[in-house]
Amino acid sequence: MAPPPEEPRHEPPFPDAATSPHPDTAKELARQAEELTRQLAALTETVRREHERAAHREQVIDRLHAENQQLRHGLLQEALTPVRAGLYRLYDTLVREGARWQADDPPSPELAGPLLSALADEVAEVLGRTGAELLTVEPGEAYDPAVHRPARTAVVGAGADGTVVEVLTEGFAMGDRVLRKASVVVGRAGAQEEADGGEKGETHDDGTDGGTKKESE
């Protein structure tokens with residue numbers, strides 16, 4: 001026989017006094033929730049302000065960078081002004097001389113050398129306006145790897161060993177800084193040449209023969 005159906009339970013309309021929170025506890029929880037809400041709002045405001053400050057800093061940095069680029073560009077253009085002036089003058093000279101040499105009655109060929117030398121001096125002057133000055137290198141001075149670039153060597157007497165025999169291309173410097181080394185031919189005394197000189201004899205400044213003098217001694 002089936003058991004009788006259970007009667008429905010009716011919950012009391014109000015919780016039992018034993019299980020309901022204490023009024024002071026409820027107030028404390030409400031106060032803590034209100035404090036957390038206040039702190040969260042303060043943190044949100046702080047983050048917002050920091051974000052605005054960061055965005056402002058980025059704008060300032062971008063503006064300063066743009067101003068710096070404009071300033072550098074202006075300084076560069078100002079520095080190039082005298083260089084352009086020299087190049088304009090050089091261009092005019094080349095055009096004028098080119099027309100003269102292509103004319104029906106061109107200048108004498110002997111004038112080509114002085115003209116090219118004058119043009120080289122003009123280029124050196126333009127480079128000087130950028131701070132690049134010619135390095136003074138003369139044949140006979142001691143080879144210096146700081147300012148000389150050896151292109152090749154040439155056999156010389158023992159007294160000229162390690163000296164500049166010929167300057168192929170000039171060097172340039174800016175103050176103490178070498179921008180381009182001078183390309184030079186460096187003298188090297190060869191052992192074979194000394195032996196040959198001893199056998200064949202060397203002519204001294206007084207006209208005596210080195211080999212004959214050695215034999216007489």
Side-chain angles (χ1 to χ4, degrees), residues 65-190 192-194 196-197 200-207 210:
H65 178 71
E67 292 176 354
N68 183 44
Q69 290 295 104
Q70 293 177 358
L71 178 60
R72 293 180 60 184
H73 180 73
L75 293 176
L76 177 61
Q77 294 304 315
E78 183 178 354
L80 289 177
T81 298
V83 178
R84 292 194 187 99
L87 292 177
Y88 294 153
R89 186 169 62 252
L90 179 61
Y91 174 81
D92 294 338
T93 302
L94 291 173
V95 171
R96 182 176 62 254
E97 295 300 325
R100 287 181 57 197
W101 286 83
Q102 293 178 11
D104 296 335
D105 186 18
S108 175
E110 289 79 7
L111 299 177
L115 174 61
L116 293 176
S117 297
L119 292 176
D121 292 340
E122 188 76 19
V123 173
E125 181 183 350
V126 174
L127 288 172
R129 296 181 181 184
T130 67
E133 300 291 340
L134 276 172
L135 281 173
T136 302
V137 179
E138 297 292 342
E141 66 182 55
Y143 168 73
D144 185 357
V147 295
H148 301 151
R149 181 177 63 85
R152 62 176 186 271
T153 59
V155 179
V156 295
D161 183 55
T163 62
V164 174
V165 177
E166 182 184 357
V167 180
L168 302 180
T169 58
E170 301 287 354
F172 291 88
M174 182 180 295
D176 296 334
R177 177 189 174 194
V178 177
L179 300 177
R180 190 184 78 167
K181 297 181 180 180
S183 180
V184 299
V185 178
V186 183
R188 285 287 180 263
Q192 184 62 38
E193 187 214 26
E194 294 178 359
D196 294 342
K200 296 180 181 179
E202 298 177 354
T203 302
H204 299 280
D205 294 338
D206 58 0

**Q** Of all residues at least two apart in sequence or in a different chain, which pass the salt bridge (Lys or Arg N to Asp or Glu O under 4.0 Å) check with Arg84?
**A**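 Partners of Arg84 under the salt bridge (Lys or Arg N to Asp or Glu O under 4.0 Å) test: none.
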
**Q** Output the distance between atom NE2 (His73) and atom CD (Glu78), rounded to the nearest 0.5 Å.
**A**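 Here the rounded value is 12.0 Å.
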
**Q** Heavy atoms, side chains only, cut-off 4.5 Å: are Leu134 and Phe172 in contact?
**A**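 Yes - at least one pair of side-chain heavy atoms lies under 4.5 Å apart.
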
**Q** How many angstroms lie between CG in Leu127 and CD in Glu133, if you round to the nearest 0.5 Å?
**A**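 Reported to 0.5 Å precision, the distance equals 9.0 Å.
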
**Q** Begin from the C-alpha positions of Thr93 and Glu122 and carry the test side chain to side chain contact (heavy atoms under 4.5 Å, CB included) through to its verdict.
**A** CA-CA 10 Å; Thr93 302; Glu122 188 76 19; 5.8 Å; no

**Q** Ignoring hydrogens, what is the shortest heavy-atom contact between Val186 and Pro150? Give both atom names and the distance.
**A**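 In this case the closest contact between Val186 and Pro150 is CG2-CB, 3.9 Å.
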
**Q** Would you find more than 12 non-hydrogen atoms of other residues, nucleotides or ligands less than 6.0 Å from Gln77 atom CD?
**A**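 Yes, because the 6.0 Å sphere around CD of Gln77 holds more than 12 heavy atoms from other groups.
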
**Q** Supply the atom-to-atom distance Leu90 CG to Asp121 CG, rounded to the nearest 0.5 angstrom.
**A**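 Reported to 0.5 Å precision, the distance equals 11.5 Å.
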
**Q** Is there a donor-acceptor pair closer than 3.5 Å between any side-chain N or O of Arg129 and the backbone N or O of Leu80?
**A**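 Side chain of Arg129 to backbone of Leu80: no pair is present.
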
**Q** I want to check something: taking the side chain as every heavy atom from C-beta on, are Arg152 and Leu168 in contact at a cut-off of under 4.5 Å?
**A**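 In contact.
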
**Q** Could you pull out the closest heavy-atom pair between Val137 and Ala182, with the gap in Å?
**A**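 Distance-wise, the nearest heavy atoms are CG2-CB, 3.8 Å.
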
**Q** Work out which heavy atom in Trp101 is nearest to a heavy atom in Pro106; give both atom names and the distance.
**A**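 The pair with the smallest heavy-atom distance is O-CB, 3.5 Å.
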
**Q** Going by heavy atoms in the side chains, are Arg188 and Asp161 under 4.5 Å from each other?
**A**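 Yes, their side chains come closer than 4.5 Å.
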
**Q** Could you pull out the closest heavy-atom pair between Pro139 and Val167, with the gap in Å?
**A**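 Nearest pair, atom of Pro139 first, then Val167: CD-CG2, 4.4 Å.
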
**Q** Which value, rounded to the nearest 0.5 Å, describes the distance between Leu87 atom CG and Asp92 atom CG?
**A**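 Between atom CG of Leu87 and atom CG of Asp92 there are 11.0 Å.
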
**Q** Do the side chain of His148 and the main chain of Asp144 share a donor and acceptor less than 3.5 angstrom apart?
**A**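 Yes, because the side chain of His148 sits within donor-acceptor range (under 3.5 Å) of the backbone of Asp144.
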
**Q** Enter the distance from Tyr91:OH to Arg96:CZ here, rounded to the nearest 0.5 Å.
**A**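 Spacing of OH (Tyr91) from CZ (Arg96) equals 12.5 Å.
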
**Q** Might you point out which heavy atoms bring Thr130 and Met174 nearest each other, and give the distance in Å?
**A**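 What the structure gives for the nearest pair is O-CE, 3.5 Å.
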
**Q** Closest approach of Ala189 and Gly157, non-hydrogen atoms and distance?
**A**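 Closest approach of Ala189 to Gly157, heavy atoms only: CB-O, 3.9 Å.
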
